[in-house]
Amino acid sequence: MLRFSLGVTRMDRIRNEDIRRTDHEDDDLPYEEEIIRNPYSVKCWMRYIEFKQNGPKSTLNMIYERALKELPGSYKLWYNYLRERRKQVKGKCITEPAYEEVNNCHERGLVFMHKMPRIWLDYCQFLVSQCKITRSRRTFDRALRALPVTQHPRIWPLYLRFVRNLPLPETAIRVYRRYLKLSPENAEEYIDYLRSVGRLDEAAVRLAAVVNDEGFVSKEGKSNYQLWHELCDLISQNPDKVTSLNVGAIIRGGLTRFTDQLGKLWCSLADYYIRSGHFEKARDVYEEAILTVVTVRDFTQVFDSYAQFEESMIAAKMETTAEMGQDEDDDIDLELRLARFEQLIARRPLLLNSVLLRQNPHNVHEWHKRVKLYEGNPRQIINTYTEAVQTVDPVKATGKPHCLWVFFAKFYEENEQLDDARTIFEKATKVNYKQVDDLAAVWCEYGEMELRHENYEQALRILRKATAIPSKKAEYFDSSEPVQNRVYKSLKVWSMLADLEESLGTFQSTKAVYDRIIDLRIATPQIIINYAMFLEEHNYFEESFKAYERGIALFRWPNVYDIWNTYLTKFIDRYGGKKLERARDLFEQALDGCPAKFAKTIYLLYAKLEEEYGLARHAMAVYERATQAVETEERHHMFNIYIKRAAEIYGVTYTRAIYQKAIEVLPDEHAREMCLRFADMESKLGEIDRARAIYSYCSQICDPRVTANFWQTWKEFEIRHGNEDTIREMLRIKRSVQATYNTQVNFMSSQMLKATTSSTGTVSDLAPGQIGIDDMKMLEQKAQQLAAEAEQDKPKPKEKILFVRSDNSRSELAELAKQTQQVLPHGKLKTHACSFIFIKTHLLIAFSPWHLQRCSLNRRVCPQLSLEGLKMTERFLTDFCKDKDYSLLL
């Protein structure tokens, strides 16, 4: 029964498969018919393949084979077929026969698709994944042979990656050599590979070829110097592996090529010899380097490397001695190395100085430093000075080149070799310096050396020789001529000669020197003064005054100030009042064209002359002129002197006009001080009304917020000399002035800010009941309010109270009205009625021109005033005041 059942089951399975195959064949029928109709249509085959995509792999492969049999040149069919075959073996063991079948498919495909790089790439990658090294290499080579050159860049990256991963550097090197024939610009990649596999010799050769190729452009963005530096590091750090190159010649070629990196290249060359074991050659390289580098940076690099080398040599010798034992030869060798190292450290300042002098051989300061380094070694000092004066070009020199000659001569002088010092100075005077002052300094130092050794006649001869007129004259600043032809106009040499002549020569020789200086027009104000003082010491007073006159003719202001000051002082001391007219002429000449900056001293000297020997009124006139001629900052001080001298000579009453002039001219700050002093003087003289009028005028320039001292002084004055009405008038004026200053924009803005931020007041204080009105309107209301208060505070005249002057004021007013009626025409009496009301109200406040002017222009007090009536009233008041002895206040 069991056998029967198994047979039935097998029969059922076969029957089901036949049914399924029949069904599939029925589904494929449309595609087969289409293929029969169009056997060469790729689209028909692709639709059929897409339909069978999920079917059995064997059926799909069979369809691909049928299609390729009909269309063997279709890239699309081959590409999809090969991709499908690779996908089918993915994940299987590489030893299975299916891989070989796929490889055979690729080989068949390449028969037709040998010009398609994508097929070659896929095949090569497939072979590489199978670890078939030889077959993969040969396939890569076949691909390169089959494909055109333009397609090779697609093959080489994969090929190079393949050979780099192989443990066969020789194969990779051969492949890279072939690759570089096609793409030499990728040499850096090959060099990196060679260094990674230890083929340093070939890497150095390739790198040297790259460095020597001027047209090479690094793909890594490296400059030619960076490549050269890599080469130097490579060959210097691996001397035993790099044998194909002449390392010394390469690095020395870099020294001439890259002059800004000498330090690194010298260190690389020395490092090469050190690693090669040639220590003496390395030391020679270091010595050559520190004697040839021209920058401090390169010197520092080489010196530090040199010192480190010597230290390592000493340390190695000490280690060897400790291990092998110590003997006499080892001790000597160690001592020699230590001495060599100490000498190197001691030579560092001198070597550094040499570097700076190679950098700029005309640097005078460095030559002086070099001499100091040789201190205690006379022979080296002489050699250094000799080399310095021969090397330094005065035209290109940095510093003062003549100092080298001077110090050279002083060195011989300090060692008591005067003849050699004189020889040096004689040579120094023949050098063509850039500036005349350099040659002048040499002549002066030459003369001073002779003076130090008491050779006075020799010193005079030297300086006379220096100032002798050359055969060819030249201007002092004519750079086309040598300095030897221009030194005769050097004031420095002439000044020293004049000093020597005063000390050692005769009167005539000294006078001739000074005259010669003036004739050459090289004198200074100090030279003129010295000349005049010299003549005065020898009692040639008129000659000294002539010298002053010659100096004045040479110079202009302000240089002539010192000459005038000394001249006038000496003239007054000499003659006093004997030649007063001549002295006055001199002062007038000095003041003609005198700047305000220098006028004060001369005016004071002039006034002193008039006070002591002339007339007092002339002195006052001089002071008056001085107050106008001096600077604005000096006027206040000048007025103080004027007032003081006038009070001492004429009395304090004479100073009233001076005070008035000072108040008009000086700025407000000093005018306030003058007003206070003026009022104080009047109050001391008992002129209370005058003092009050001065206070009233000064109040117009005194802001109560700033000048509280003035208002306090006026208040104290009214307390002592006034009454209730005068104090009230003072307060009214104060409020009026304050209201005037309050209308200024800055103050208004500050007041507004203060009102808005104050804790005790609010904005509504400015305009009660009108919150919301803009700030400017509130300020205007506040100003109007202050003006109304000031109007209310005006004193109302009473019958028995008039301003303090005298008891007969009422009778004077009646007489004034009667005279006015007689003077004025009858028809204009009504027109000028308001003018008399104005006079009655303000007449006795103070009889001062300022009050009259202010009242006459104050139309707000009486709008009916006419201009003609005011003018007539002012004329009448002027006559009235003259009769009553008030002319001083007018």
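The model shown is predicted, which means the values in this text are computed figures rather than measured ones. When a residue number appears, it is its place in the shown sequence, counting from 1.
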Do you see a donor-acceptor pair shorter than 3.5 Å between the side chains of [X] and [Y]?
X      : Y      : result
Thr726 : Glu718 : yes
Thr601 : Tyr561 : yes
Glu502 : Tyr514 : yes

Determine the sole option in Phe534, Phe541, Tyr540 for which the ring pair (Phe, Tyr, Trp, His ring centres under 6.0 Å) test with His538 is passed. Phe534
Is [X] salt-bridged to [Y], going by a charged N under 4.0 Å from an acidic O?
X      : Y      : answer
Glu624 : Lys661 : yes
Asp585 : Arg582 : no
Arg584 : Glu581 : yes
Glu729 : Arg732 : yes
Arg677 : Glu682 : no
Asp515 : Lys511 : yes

Give a yes or no on this: more than 12 heavy atoms of other residues, nucleotides or ligands lie within 6.0 Å of atom [atom1] of [X].
X      : atom1 : value
Lys579 : NZ    : yes
Gln712 : CD    : yes
Arg521 : CZ    : no
Glu669 : CD    : no

I want to know whether Phe571 and Tyr575 have ring centres closer than 6.0 Å. yes
Taking the six-membered ring where the residue is Trp, are the ring centres of Tyr623 and Phe639 under 6.0 Å apart? no
Once the angle between the rings of [X] and [Y] is folded into 0 to 90°, is it parallel (under 30°), tilted (30 to 60°) or perpendicular (over 60°)?
X      : Y      : answer
Tyr659 : Phe678 : parallel
Tyr695 : Phe717 : tilted
Tyr650 : Tyr654 : parallel

Might you point out which heavy atoms bring [X] and [Y] nearest each other, and give the distance in Å?
X      : Y      : answer
Ala646 : Thr655 : CB-CG2, 4.1 Å
Ile649 : Ala616 : CG2-CB, 3.7 Å
Trp557 : Ile602 : CH2-CD1, 3.7 Å

Are the side chains of Arg656 and Leu685 in contact, using a 4.5 Å heavy-atom criterion? yes
Could you tell me if the side chain of Arg645 sits less than 4.5 Å from the side chain of Ile658, heavy atoms only? no
Separation between CZ (Phe587) and CG (Leu568), nearest 0.5 Å, reads 4.5 Å
